[in-house]
Each structure stands twice: as C-alpha cells, then as structure tokens.
Amino acid sequence: PPAHSRHDWIGPPDKHSNLRPIIFYVPPEESPLERRLREARQEAQACNQHFWARHNCAFRQEKEEFIYSRLKAKGLEMRDETGQKATLNAEEMADFYQDFLSKNFRKHMQYNRDWYKRNFTITFLMGQVALARALRWLRWKKKNVGN
Amino acid sequence: GLFVWHLKNTGIRQIPCQFVHLCRVANDRLITFQYFNFLKRMYVTQYNKDLSQWAKPKSDSVASPFRELQQLDQEKKIIHKISPISPAHPPLSETSSRNELREMKSAAEIEDLITPVRAESKEDRQWKEMKLHLEDLPGILARLSKIKLTALVVSTASAGFAMAPVPFDLTCFVLASLGTGLASCAANSINQFFEVPFDSNMNRTKNRPLVRGQISPLLAVCFAASCGVPGIALLTLGVNPLTGALGAFNIFLYTCCYTPMKRMSIANTWVGAVVGAIPPVMGWTAATGSLDAGALLLGGILYSWQFPHFNALSWGLREDYSRGGYCMMSVTHPGLCRRVALRHCLALIGLSTAAPVLDITTWTFPVISLPINLYISYLGFRFYRDADRSSSRKLFFCSLWHLPMLLLVMFTCKKSFLEKEDKGDLLGGNHGRAMEIRLP
C-alpha cells in the first residue's frame, strides 16, 4: 500500500487459507483504544490464517492419500496413459468427506467458539472507537464554531 | 424482474453483459417464475446454495429457497451466475454447474464472458484500499442483505397474505411486505457477519462484501440493526403484534439457531426449513391477525418444500461442506438425506390435499397440483434410488419452478371470499391495526 494512504488495505485471498490479508494502517495519533482494536484484529487475522491454512492443507493431503489408496485398491495408477491425474467420482469421494468432517468436528467446535468470541470483541471495539472518534469530532467542531 | 435487474446492475457494474447473457440463458432454460402479486424474474443459471439453508428472507439462509447469484471461480475463466434459491442450501458443485452451463451456452457466448471474467479476476488479485465509497454502498448493502433472496422471501410472504380469506387491504399488504423485507435484510446481514471465514472458503460465497473487506463488520451490524428494528416495529405497530413477533422470532431462529447450528449438527436443516416456512405464515397473520389452520398449512407446504430443494442442492456441495466444517446430511448421513427429501415430496401431495379440507382452496387444487407434485415426487424417488449428481440436479431444478407454480395454482384455486361471507365479517375485522390477537 502507498505510504500516504490513511486506510487499511486488503489483499487477494491467500493461497492456502483463502482468507484475505489486511495491512493495518497505524495512525500517528493512535489512541490506546484504537491500538487495542488493531491488535485484536491482527491477532484474529493471524489465528484465522493459521487455522485455515493448516486445515486446507490437511484436507488436500488427506484427499490425495485417500484417492491414492482407493486407486491402488482398484489396481489403477495415479496417472493414466495420457498423463492425466486419475480421480474418483463423487460417490466414492463421499466416504472421504464423511470421514474428514467427523474427524475434524471437535477442531471446528473449538474454532467456532474462538471465532465468535473474537468477532464480537472486535466489532464491539470498533463500536467504541467509532463512538470515541465521533465525540472527538463533535468537540473539535464545537471548538471551531466557537472560534 | 426489472427491480431485480436494476439492483443487479448497480451492484455489479463491471459485468453487465454477463448478466444479459445469463438472462438469455435462464430464459432458454425456462426457469422464470411469475408470482401473481408481482412480476419477478428469477434467473437461475447456477445455483449455489450457500451454507445457510434457506434463503431465509427473514431469518436468512434457510428461509428462502432462492439462491444468490454467484460467480464461479475465476480460474476457469468462465463466470457463472447463480441465483440463490435456498439460502441454506449449499451451492452446487462448480463442475456440475459448469457442465450444465456448457450445455446451455454456445461457444460465442462463452467468448463474451471470458473478457469480463479475465478483467474481474485481475482486479480481484490486487490490493484494495479499505475505504468506503458512498456510490458503492447501495450495491454493497444489496449484496450484504442478499436482496434477491429477500425478494423471494417477501414474495412467499405475499403469497401467504394473498391466500388469507379476507378482503385485500393494500396498506396492510404493503406494510407487511416492507416489514418482512427489512427483517429479512437484517437477518441475512447478521448471517454474513457471523460467517466471514467460512464464506471465504466456499466458492459460492467468497465474493461477499464482508469477505472482500468492502464494508466493516461494525457497519454490517449497524445496517442489520437499522433494518431489523424498523422492520419489526413496522410489523408490530403497522400490521399486528403477532406478525411482528413472528418476524422477530424468525430473525432470532435464523441468526442465532440456524447459523451456528450449521456447524454443529445436521438438525440445522430442520430449523432452516422452519425459517423458510414462517414468512408465508407471517403474510397470513398480517392479513387475518390470527394464526389459524390455513397459515399452518401454507407454512407446512413451504417447510416440506425446503427438503427436496436443499437436500438436492447440498448433494453436489459435499466437498465444500466437508472442508468448511459444515454438518449437513448430505455429508454425514447421505441415506437419510435422500429419504427425507423423498418423504417431504410425498408430504407435499398430502398437504395439497389438505388445503380444500381446511377450506382454503377448492377441490380443484389437489387435482391440478397432482401432476407437479407427482413429478417432483418421482424425481425425489429417482434421487433416492440413484443418489448421483444428475438426479440431485434434476430434483433441485424441479424444486425451483415447482414452488412458484404450486403457489400460483393455489391462488387461482383459492376459495372465493364471497362463499364465506358469514365468516368473512368476523375475519375482516381482525386484520390491520387490530390489537386483539386470536390464537388457536
């Protein structure tokens, strides 16, 4: 992001986590409340990124392993004569999806709780910051009108 | 239809030609429904069911069986627009949709799409400043509130209003529709607010405003509050307290029950079906001021309809659901998924037969609706037996036209008000600003 920008910048989705990274703008006169908000958002972003990147990579890897084992059981190779990657059809993959979902259920429960808590905290802090800024602006306005 | 078109154009300015193309395609596919109360064109080119089950207009996701229009992944250089049918249902897999679209499109049409697609994917790969431009706000809010889904939900509520055996009151109708629409916007916004990281990971939902950082979560919540509070107030004070209570309950059910439950238990589908069933009940109570058998029957029809609709849709989204951590029947209990879909197709036949018994329609209704109900049941049976992508898609597409047609037939077979003149006087005095609520 350009140096003169006074806003956050959001980027394209990450390859592994599919989440969009945000570069946070640090204003020179950042109040402690605003700092708390920014840090909360950074922490949430880092946690989300970590979780999803790991989760999606695990999914991809386990999916490959599953396909490989199933193909081997059927007596086929990973790639056929034309060099194309062999795939299983949706019904065969259904077993994998069922298994993967149940295996990761506890992990998701934990993540959900964390995410909801973080989301509420960040939004609440945003509300506080917005309110503080509005009051500051009103005071500044009053001062200017007075002058 | 024009309304929907206009919204679409303001929201997605850079791809007008795609939309036109989609409209053409959709028309060819004969997937346009017209409601008797207003003209709405719903374009379905691809359906993505998002995780929220019902495109709950009020509550969000589950309520409305309409899917949001969505773009398919850019890598394929083909953009597919998907109209949300059911908010709750997961979107169909891209492959199937792509194949579907390939069948429908000619090569020349695909050419037209590629240029806008490339431009869009390039733009998407850039870093963007998180600054809100006021001219973008209407489009962003439209997408945040899932405006198309909301429109569909409002039309089911209107159907409920129209079916009520009372003289038609335009003010009440407008207020009820507006209140329902606002409540739906609120619920949809909160749903998106809760689901940001999950939406990012699902192809159908990854272009939502909160995911793309076009709007801050605070603004989304404020928007939801500024829609929900006036919406419910309008329903409670401008229509009647019962409708307002139902609206508030539906918002709660959708945002606080259905949305978190999607990740916890397969029971979310049933909750979502209730979310979808409530708007027509609200329409009915808005008109009559009481919750009687007719309201419950209409709700029952919408409830049963949700299952073939959603279950068929979710069949193609199993991979995304599994990876995203969503507990859906299609992934965890595939047999149950198909059984339930078939069961409810058959239930629709039963409910259609119950309509004349309850004095809502004449006996021509079950007779005329029998062919379409039998057809969807047949597709439900095929889905149950074959359990494959093509049968699930057929069932899903059928559900898209089945519901509007059923409601239309129901309206045309509505028992004439004049026949019930004695009862009519009693009922007529109860709607509008009546503070009395007659509950069974």
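Residue numbering restarts at 1 for every chain, and letters A, B, ... go by the order of the sequence lines.
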* Asked: Can you check side chain to side chain contact (heavy atoms under 4.5 Å, CB included) on M130(B) and I22(A), steps first, answer last?
  -> CA-CA 9 Å; M130(B) 287 179 84; I22(A) 299 179; 3.7 Å; yes
Under the side chain to side chain contact (heavy atoms under 4.5 Å, CB included) rule, what do Y97(A) and T332(B) come out as? Steps first, then yes or no, please.
-> CA-CA 8 Å; Y97(A) 298 141; T332(B) 57; over 6 Å; no
Start with the C-alpha distance between R20(A) and S200(B), add both sets of side-chain angles, then the distance that settles side chain to side chain contact (heavy atoms under 4.5 Å, CB included), and finish with yes or no. CA-CA 8 Å; R20(A) 287 171 182 264; S200(B) 317; over 6 Å; no
TODO: Please assess R323(B) against N18(A) for the test side chain to side chain contact (heavy atoms under 4.5 Å, CB included), listing each intermediate value before the final yes or no.
DONE: CA-CA 12 Å; R323(B) 188 167 56 87; N18(A) 295 317; 3.5 Å; yes
For residues 119-128 of chain A, please give each side-chain donor-acceptor pair under 3.5 Å, one per line with the distance, not counting sequence neighbours.
residue : atom : partner : partner atom : Å
N119(A) : ND2  : F193(B) : O            : 3.0
T121(A) : OG1  : K117(A) : O            : 2.6
T123(A) : OG1  : N119(A) : O            : 2.7

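Looking at Y111(A), the atoms closer than 4.5 Å to chain B (heavy atoms on both sides) all sit in the side chain, from C-beta outward. In this structure, no portion of K107(A) lies under 4.5 Å from any heavy atom of chain B. Of the two parts of C327(B), the backbone and the side chain both hold a non-hydrogen atom closer than 4.5 Å to a non-hydrogen atom of chain A. Contact of P334(B) with chain A is made through the side chain alone, with heavy-atom distances under 4.5 Å.
For residues 50-61 of chain A, the interface with chain B (any heavy-atom pair closer than 4.5 Å) comprises W52(A), H55(A), N56(A), F59(A), sorted by residue number.
The greatest number of non-hydrogen atom pairs below 4.5 Å with chain B, out of A94(A), S102(A), P21(A), is found for P21(A). Of all the listed residues (V331(B), V196(B), N201(B)), the one sharing the greatest number of non-hydrogen pairs under 4.5 Å with chain A is N201(B). Of the listed residues (A220(B), P260(B), G213(B), P197(B)), the greatest number of heavy-atom pairs within a distance under 4.5 Å of chain A belongs to P197(B).
Looking at every heavy atom in both residues, H108(A) comes nearest to G325(B) through NE2-CA, 3.3 Å. The two atoms that bring E129(B) and R6(A) nearest to each other are OE2-N, 4.5 Å, heavy atoms only.
In the displayed structure, K103(A) atom NZ is contacted under 6.0 Å by more than 12 heavy atoms of other residues, nucleotides or ligands.
Side-chain atoms of Q98(A) and S322(B) include no donor-acceptor pair closer than 3.5 Å.
Side-chain contact between L19(A) and K206(B): absent, with no pair of heavy atoms (C-beta onward) separated by less than 4.5 Å. The side-chain heavy atoms of Y326(B) and L101(A), taken from C-beta on, include no pair separated by under 4.5 Å. When side chains are defined from C-beta on, M93(A) does not count as touching E319(B), because their heavy atoms never get closer than 4.5 Å.
The salt bridge (Lys or Arg N to Asp or Glu O under 4.0 Å) analysis of residues 38-48 of chain A, with sequence neighbours excluded, yields the pairs D8(A)-R41(A), E30(A)-R38(A), R35(A)-E39(A), E43(A)-R118(A).
Using a distance-only test at 3.5 Å, with no hydrogens or angles considered, a donor-acceptor pair links the side chain of W115(A) to the main chain of F194(B).
A search for ring-ring contact (aromatic ring centres under 6.0 Å, His included) contacts involving F105(A) returns nothing, not counting sequence neighbours.
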